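Down below is the structure, laid out as structure tokens.
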Amino acid sequence: MKKDKCSASSLKNFRAKVWRHYRLRKRDLPWRHTKNPYHILVSEIMLQQTQVDRVIPKFQQFLLTFPTLKALAAAPFSDVLEQWQGLGYNRRAKYLKLAAEYAIKNHRGRLPETEVELKKLPGIGPYTAAAIAAFAFNQPTVLIETNIRTVFLHEFFSNETDVPDSTILPIIAATVSRRRAGEWYQALMDFGAHLKKTHGNANRRSLHYTKQSSFTGSNRQLRGQIVRELTLTSSISLPALKRLTNNDRRLVKILGQLEREGFILKAGNSISLAL
DNA sequence: CTCCGGGAAC
DNA sequence: GTTCCCGGAG
């Protein structure tokens, strides 16, 4: 009986368990059939805070509409935003197009291959930079997201609460496959998704666990409605938008934010999506 | 720290 | 009605 949960033999058993689950229960996901860095990028941005089942059809349609990094960079923002409707977090659509433009301008039309360079792209933070490096370029980066967090909380911190990621990351680094990093992380995510179905959500024991405020009646809801309206009509008057809410002051405030963030253009009383 | 979307499972 | 989602920016 090994006392140390992180002993060499424990880690070896853990790895074997994850690989075994992957062999038997691997999910067949569209972005696992490609090594195209652009396709990986699109999938990872879409998957930020968004369930796999909801991303799959959007991912495929998006790549039909914008087949290459160059096509995305050249496309009107309003077209990108239109494709994005239903996914939520419209800022991601903006960041994704800006990232494409950045790569065209600074990396000769390709995505950079290192974590440090990837993180410089808009919308790409610590997780996504490490994930693209692992999935597209097979680098043994260290990354954590909700499924991976679940796996390690379940396997190594089953009796602990308020576990910070900084405590988990060294174990992730100690267990990552040097030779098959991308596959390893896919296997971890599949195992984590499986654990959530069978054991509930261990992430509530993470130090970083938070519940988000309610959506109905929120600024986010109204903001989303405004953006969707604009993708449908291309141009709309302020009085027409006022029917979305009885709080004109809140509407004007959100419109100001959308304008500053580069989502919309205001010309007098006429409002349209930015190009 | 707060903000950001929206559909679906529960 | 509540929770969750292969997070990131300001």
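Here is the naming used below: chain letters follow the sequence lines, and residue numbers restart at 1 for every chain. Keep in mind the model is a prediction, meaning the values are calculated, not measured.
- Residue-to-nucleotide contacts include no donor-acceptor pair under 3.5 Å from the side chain of Tyr185(A) to the base of dC6(C).
- In the set dG7(C), dC4(B), dC4(C), the nucleotide with an atom closest to the side chain of Arg223(A) is dC4(B).
- Across all strands, Asn90(A) comes closer than 4.0 Å only to sugar-phosphate atoms, never to a base (heavy-atom distances).
- Residue-to-nucleotide contacts include a donor-acceptor pair under 3.5 Å from the side chain of Gln51(A) to the base of dC5(C).
- A side-chain donor-acceptor contact under 3.5 Å links Glu44(A) and Tyr127(A).
- Within the 6.0 Å centre-distance limit, the rings of Phe152(A) and Phe14(A) are counted as a close aromatic pair.
- Residues Lys242(A) and Glu229(A) are not paired through a salt bridge, judged by the lack of any N-O separation under 4.0 Å between the basic side chain and the carboxylate.
- dC6(C) is unpaired under the criterion used here, namely a Watson-Crick or G-U wobble arrangement in which both key atom distances are under 3.5 Å.
- Rounded to whole Å, the separation between the P atoms of dC10(B) and dC6(C) comes to 14 Å.
- One donor-acceptor pair, N or O on each side, does fall under 3.5 Å between the base of dG6(B) and the side chain of Gln212(A).
- Ion pair Glu261(A)/Arg91(A) flagged as a salt bridge, since at least one NZ, NE, NH1 or NH2 atom sits closer than 4.0 Å to an Asp/Glu carboxylate oxygen.
- Contact annotation for Val227(A): no contact, since no heavy-atom pair falls under 4.0 Å across all strands.
- Side-chain N/O atoms of Thr128(A) include one lying less than 4.0 angstrom from OP1 or OP2 on dG8(C).
- For the OP1/OP2 pair of dC3(B) and a distance below 4.0 Å, the side-chain nitrogens and oxygens of Asn219(A) include no atom meeting the criterion.
- At dG7(B), none of the side-chain N or O atoms of Lys58(A) fall inside 4.0 Å of OP1 or OP2 (strictly under the cut-off).
- Residue contacts shown for Arg32(A) include a base, since a base heavy atom lies under 4.0 Å away.
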